[in-house]
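The next block holds one structure in the form of structure tokens; read it before the comments.
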Amino acid sequence: MREESGRSLIEVIGVMAIAGVMTISALGVYNVIRSNQIRTIASADLSQIAENTKLLMEMRGTYEGISVDYLIKAGALKSNAAPIGGNDWSITSSVDGATFAINLVDLTNGECEYFATSKPKWAKSVMINGFEVGISDNCFDSDTNQISFIVE
């Protein structure tokens with residue numbers, strides 16, 4: 001009787017299926033790690049923006065007239081690129097000029113929930129889609145969430 005060497009087609013398909021499952025799992029873990037890293041960097045950037053704005057504007061005693069363009073011209077921001085979300089973001093003052101808001105738009109549901117559960121220490125309050133955090137879950141399932149960080 002002749003002895004055959006090698007693998008059968010079923011064995012090769014099994015090995016390929018196992019390799020495929022492992023690859024998909026690795027990509028999933030990579031995406032989660034990358035998303036967390038982006039959110040952490042954005043949090044640090046937002047903290048720096050808030051601090052730079054406070055330092056720049058505290059001599060005036062009011063935040064009236066604040067904007068992204070103003071902060072870029074004053075050297076408090078490097079560019080008008082949003083820390084996270086869509087690039088149509090803004091920094092606005094309250095009517096009385098006592099506080100300002102960093103307004104982010106076009107955030108995903110995951111990004112929205114991240115900021116809803118981890119309110120930064122530098123923010124007086126956080127508004128999600130027009131409602132203050134803590135009242136209810138205000139994040140949409142789409143990529144159209146808006147967040148405002150209110151800073152004194």
Side-chain angles (χ1 to χ4, degrees), residues 13-152:
I13 290 173
V15 168
M16 290 177 60
I18 291 170
V21 168
M22 290 175 62
T23 301
I24 290 170
S25 298
L27 287 174
V29 169
Y30 171 77
N31 286 336
V32 168
I33 291 170
R34 182 154 164 51
S35 293
N36 288 339
Q37 182 182 26
I38 288 170
R39 293 172 188 155
T40 302
I41 291 169
S43 292
D45 288 348
L46 289 166
S47 174
Q48 192 65 50
I49 290 168
E51 187 174 323
N52 287 349
T53 303
K54 283 181 175 182
L55 288 172
L56 179 67
M57 302 300 281
E58 76 180 346
M59 289 191 302
R60 290 177 51 192
T62 182
Y63 293 112
E64 290 177 0
I66 193 101
S67 69
V68 173
D69 290 334
Y70 180 83
L71 293 175
I72 291 171
K73 290 176 185 171
L77 286 178
K78 295 178 186 174
S79 73
N80 64 349
I84 195 167
N87 279 328
D88 191 25
W89 71 296
S90 63
I91 299 176
T92 55
S93 71
S94 62
V95 175
D96 63 357
T99 62
F100 67 94
I102 302 172
N103 309 300
L104 302 174
V105 296
D106 300 334
L107 296 172
T108 65
N109 185 31
E111 293 164 346
C112 179
E113 290 190 4
Y114 172 79
F115 288 114
T117 58
S118 60
K119 178 188 164 211
K121 294 177 183 175
W122 49 265
K124 174 184 170 188
S125 64
V126 178
M127 303 286 284
I128 295 180
N129 297 320
F131 298 97
E132 191 166 349
V133 170
I135 296 172
S136 66
D137 184 14
N138 301 313
C139 295
F140 301 143
D141 289 335
S142 62
D143 294 349
T144 59
N145 291 292
Q146 299 178 4
I147 294 183
S148 295
F149 297 97
I150 313 300
V151 185
E152 285 188 304

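Model, not experiment: these values are computed from the prediction.
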Quiz prompt | Value rounded to 0.5 Å, distance of CG in Leu55 from CD in Glu51 | solution = 5.5 Å

Quiz item: Only one of Ser90, Ser148, Pro83 clears side-chain contact (heavy atoms from CB on, under 4.5 Å) with Leu104; which?
Solution: Pro83

Practice problem: Go through Asn52 and Leu71 one step at a time and tell me if the side chain to side chain contact (heavy atoms under 4.5 Å, CB included) criterion holds. | Solution: CA-CA 9 Å; Asn52 287 349; Leu71 293 175; over 6 Å; no

Quiz prompt | Student check: side-chain heavy atoms of Trp122 and Ile102 closer than 4.5 Å | solution = yes

Quiz item: Any side-chain heavy atom of Phe115 within less than 4.5 Å of one from Leu46?
Solution: yes

Self-check item: Full working for side chain to side chain contact (heavy atoms under 4.5 Å, CB included) between Ile66 and Met57
Solution: CA-CA 8 Å; Ile66 193 101; Met57 302 300 281; 3.5 Å; yes

Quiz item: With no hydrogens and no angle check, is any side-chain donor or acceptor of Ser47 less than 3.5 Å from a backbone partner on Ser43?
Solution: no

Quiz item: What is the distance from atom CD1 of Ile91 to atom CZ of Phe149, rounded to the nearest 0.5 Å?
Solution: 12.0 Å

Practice problem: First locate atom CG of Asn36, then atom CD1 of Ile33, and finally report the distance between them rounded to the nearest 0.5 Å. | Solution: 8.0 Å

Practice problem: Please report the C-alpha distance between Glu111 and Asn145 in whole Å, then the side-chain angles of each, then the deciding distance to 0.1 Å, and finally whether the side chain to side chain contact (heavy atoms under 4.5 Å, CB included) criterion is met. | Solution: CA-CA 9 Å; Glu111 293 164 346; Asn145 291 292; over 6 Å; no

Quiz item: Any side-chain heavy atom of Leu107 within less than 4.5 Å of one from Ile147?
Solution: yes

Quiz prompt | Nearest heavy-atom neighbours spanning Ile49 and Leu77 | solution = CG1-CD2, 3.4 Å

Exercise. Indicate the atoms forming the closest heavy-atom contact of Trp89 with Asn80, along with that distance.
Key: NE1-O, 2.8 Å

Practice problem: Of all the heavy-atom pairs spanning Lys119 and Lys124, show the shortest one and how long it is. | Solution: NZ-O, 3.2 Å

Exercise. Please step through side chain to side chain contact (heavy atoms under 4.5 Å, CB included) for the pair Ile84 and Arg39, ending with a clear verdict.
Key: CA-CA 8 Å; Ile84 195 167; Arg39 293 172 188 155; 4.2 Å; yes

Quiz item: Is any side-chain heavy atom of Thr62 less than 4.5 Å from a side-chain heavy atom of Ser93?
Solution: no

Quiz item: CD1 of Ile13 to CE of Met16: how many Å apart, nearest 0.5 Å?
Solution: 7.5 Å

Quiz item: Taking atom types as modelled and ignoring hydrogens, do the side chains of Asp96 and Ser94 form a donor-acceptor contact shorter than 3.5 angstrom?
Solution: yes

Self-check item: For Glu64 against Val95, the heavy-atom pair lying closest together
Solution: OE2-O, 4.0 Å

